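First up is the structure itself, then whatever we jot down about it.
Here is the naming used below: chain letters follow the sequence lines, and residue numbers restart at 1 for every chain. All heavy atoms count here, side chains included; hydrogens, waters and symmetry mates do not. Keep in mind the model is a prediction, meaning the values are calculated, not measured.
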2 protein chains.
Amino acid sequence: MRASPPEKEPSRRNHSWQRQRLLELLRSTDSHPTAASLHAALRVDFPRLALGTVYRNLDVLVSEGEIEAVPSGEGVARYDGNPTPHHHFVCEHCGEIEDLELPLPRGLLTRLQRRHGLTPRRVRIDFYGLCRACSDPNPT
Amino acid sequence: MRASPPEKEPSRRNHSWQRQRLLELLRSTDSHPTAASLHAALRVDFPRLALGTVYRNLDVLVSEGEIEAVPSGEGVARYDGNPTPHHHFVCEHCGEIEDLELPLPRGLLTRLQRRHGLTPRRVRIDFYGLCRACSDPNPT
DNA sequence: TGAAAAATAGGAACGATTCGCAAGAATACT
DNA sequence: AGTATTCTTGCGAATCGTTCCTATTTTTCA
Ligand SMILES: [Mn+2]
Ligand SMILES: [Mn+2]
Ligand SMILES: [Zn+2]
Ligand SMILES: [Zn+2]
């Protein structure tokens, strides 16, 4: 199969075209797409792209620390192009996952250490509720 | 199929024996079992218990607010017999999920409200790292 | 330019969960 | 008690996201 570079060379290619574009796509959005939706989007440029390839490359990118997997708890994994530590607000109605800019309260970690003797390597905070759009009194 | 009460009547039966015992089992442990492990455990008393029945009853108990589903992000759902709001420490080595007694910092919610205009209905905090046992310098 | 290594497409396989359904209990009502 | 109604169950088939396998490209790099 031809590599078929769509139009212009990206600054520097890390790996295959498929993986390169996958990473670009993830970085270009603040949504948290599923493997299937990424597959669908990339199909435009790579009509023969296999879903398995998407999964494989997502795994690679995750283990390289370029992206992050966001377990959604609803059976489908979501992926986050922003590997910087941040938290999420999950809308219980439309499923939207919104990035939050909230500093982690320092007291939490010290309390965890003192009361449980545990030192986490990572913290994950998810808020659940209705996003602004869904909680809006907008009688369609 | 006979109801086959194992030995003595529980104080008050909410529903079927299967569901009753499932709830008791979940309440009796501070671990966070999977449907499969619950199924295996209950098989002792109900040899013909179907896995589908376990799932069905877990769903019922969750929607009744008696228990809680704890998405683990590793493909298998875990269940929590303690519906009281609390947080978890997940060991990245052995997979243990430990209950935490930590008050939710009030500042978090107010900041979320102020900076993002969001009012969550629920918060979930998971810490990831090595549990005491796994981080112990214990050269086997 | 020619291996050798890395990656891909395609499809089969897998594992957790859900569904459909006929048979079995519980409950309500007479 | 007898019977209709409703709730559950067990069982197997079906779903669906994800992983695995393999022959075939692509990419790397000496
Ligand atoms: Mn994010
Ligand atoms: Mn718990
Ligand atoms: Zn919403
Ligand atoms: Zn551990």
Report summary line: Across all chains, not counting sequence neighbours, the salt bridge (charged side-chain N to carboxylate O under 4.0 Å, His left out) partners of B:D80 are none
Query raised in the report: Roughly how many Å is it from CG in A:L42 to P in C:dT8, rounded to a whole number?
Result: 11 Å
**Report entry** Which nucleotide in C:dA9, D:dT9, D:dT19 has an atom nearest any side-chain atom of A:T53
**Finding:** C:dA9
Query - From C:dT18, C:dA9, D:dT9, nucleotide with atom closest to B:R19 side chain - result: D:dT9
Report summary line: Taken to the nearest whole Å, CZ/B:F46 to C1'/D:dT9 is 12 Å
Query - Atom-to-atom span, CZ of A:R43 to P of C:dT8 - whole angstrom - result: 14 Å
**Report entry** Minimum heavy-atom distance between A:H39 and A:A50, given as atom pair plus value
**Finding:** NE2-C, 3.7 Å
Report task. Round to the nearest Å and state the distance from A:Y55 atom OH to C:dG15 atom C1'. Result -> 14 Å
Report task. Tell me what A:L51 touches on the nucleic acid: a base, only sugar-phosphate, or nothing, going by heavy atoms under 4.0 Å. Result -> base
**Report entry** Set of side chain to side chain donor-acceptor pair (under 3.5 Å) partners for B:R106, sequence neighbours left out
**Finding:** none
Query - Length of the CD-P vector between A:Q20 and C:dT8, whole Å - result: 12 Å
Report summary line: In whole angstroms, the gap separating P of D:dG10 from CZ of B:R48 amounts to 9 Å
Query - Qualifying residues under side chain to side chain donor-acceptor pair (under 3.5 Å), relative to A:R56, sequence neighbours excluded - result: A:T53
Query - Enclosure of A:H93 NE2 (heavy-atom neighbours >12, cutoff 6.0 Å) - result: no
Query raised in the report: Does B:R56 have a side-chain nitrogen or oxygen under 4.0 Å from the phosphate oxygens OP1 or OP2 of D:dT9?
Result: yes
Requested in this report: Give the other cluster members for B:Y128, using side-chain heavy-atom distances under 4.5 Å between Ile, Leu, Val, Met, Phe, Trp and Tyr residues; answer none if it is isolated.
Outcome: B:V90, B:I97
Requested in this report: Tell me, please, which residues at least two apart from B:R124 pass side chain to side chain donor-acceptor pair (under 3.5 Å).
Outcome: B:D126
Query - Distance in angstrom units between A:W17 CH2 and C:dT8 P, rounded - result: 13 Å
Report summary line: Members sharing B:L102's hydrophobic cluster, built from side-chain contacts under 4.5 Å between Ile, Leu, Val, Met, Phe, Trp and Tyr, are A:F89, A:L100, A:L102, A:L104, A:L108, A:L109, A:L112, A:L118, A:V123, A:I125, A:F127, B:F89, B:L100, B:L104, B:L108, B:L109, B:L112, B:L118, B:V123, B:I125, B:F127
Query raised in the report: Rounded to whole angstroms, how far apart are CZ on B:R21 and P on D:dT8?
Result: 18 Å
Report summary line: So, with a heavy-atom separation below 4.0 Å from DNA chain C, the residues of residues 69-82 of chain B are B:G75, B:V76, B:A77
Requested in this report: May I ask you to list the residues of residues 29-38 of chain B, by number, that have any heavy atom positioned under 4.0 Å from an atom of DNA chain C?
Outcome: none
Query raised in the report: side chain to side chain donor-acceptor pair (under 3.5 Å) with B:R122: which residues, sequence neighbours excluded?
Result: B:E68
Query raised in the report: With respect to the side chain of B:D59, which nucleotide from D:dT8, C:dA9, C:dT18 is positioned closest?
Result: C:dT18
